[in-house]
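Everything below concerns the one structure shown next.
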Amino acid sequence: MASSSIVFPLLASVIFGLVFFAAPSSSSITCSDVIKDLRPCINYLRGGSGAAPPPSPCCAGASNLATSATTTADKQTACACLKNAAKNINLNPDLAKALPSKCGISLSFQISPTVDCSK
């Protein structure tokens with residue numbers, strides 16, 4: 001079972017993109033918040049076939065994080081937490097790339113494991 005400090009790699013760019021256009025401010029999101037919201041996605045992204053939709057708690061968590069990360073600092077914090085935790089997770093990159101559309105979330109960029117969290 002994944003520890004609370006583990007999430008998945010490509011979702012960093014997903015979450016960063018979900019809330020990309022907010023104004024800068026200090027971060028009110030913590031890594032614990034990010035992990036709590038996205039933990040329901042881990043099993044799907046590690047072993048899902050892509051034929052079935054992500055579990056509803058996964059999409060609810062991704063949507064919650066997207067609406068919670070309202071500032072640039074929040075988005076950068078969430079992105080950095082995910083990239084750091086992703087070092088310990090083996091997931092299906094195709095499922096990670098498809099997660100936003102499967103959850104009904106629009107992104108304005110291509111999901112990439114090399115996303116720059118500072119921008």
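Here the structure is a predicted model, which means the values were calculated and not measured. Excluded from the calculations below are hydrogen atoms, water molecules and symmetry mates; all remaining heavy atoms, backbone and side chain alike, are included.
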| query | Any side-chain heavy atom of I89 sitting closer than 4.5 Å to one from L45? | reply | no
| request: Kindly indicate whether the side chain of C41, heavy atoms from C-beta on, has any atom under 4.5 Å from the side chain of L99. | output: yes
Minimum heavy-atom separation for [X] and [Y], please, with both atom names.
{"X": "P55", "Y": "Y44", "value": "CD-CB, 3.7 Å"}
{"X": "S49", "Y": "L95", "value": "C-CD2, 4.1 Å"}
{"X": "G48", "Y": "N92", "value": "O-ND2, 4.4 Å"}
{"X": "I105", "Y": "S63", "value": "CD1-OG, 3.7 Å"}

| said: Test side chain to side chain contact (heavy atoms under 4.5 Å, CB included) on I29 and L65; report intermediate values, then the result. | reply: CA-CA 9 Å; I29 276 190; L65 183 57; 3.8 Å; yes
| Are D74 and T77 close enough that a side-chain donor and a side-chain acceptor fall under 3.5 Å? | no
| query | In terms of SG positions, are C58 and C103 separated by less than 2.5 Å? | reply |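 A disulfide is absent here, as the SG pair of C58 and C103 is separated by 2.5 Å or more.
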| message | Distance check, rounded to the nearest 0.5 Å: K36 atom NZ versus S68 atom OG? | response |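 Separation between the atoms: 7.5 Å.
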| said: Quick check for you: to the nearest 0.5 Å, what is the distance between L38 atom CG and C81 atom SG? | reply: 10.0 Å
| request: Answer yes or no: is there a donor N or O on one side and an acceptor on the other, between the side chain of K102 and the main chain of G50, under 3.5 Å? | output: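 Pair found, side chain donor or acceptor close to backbone of G50.
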| request: Without swapping roles, check the side chain of D33 against the backbone of T30 for a donor-acceptor pair under 3.5 Å. | output: yes
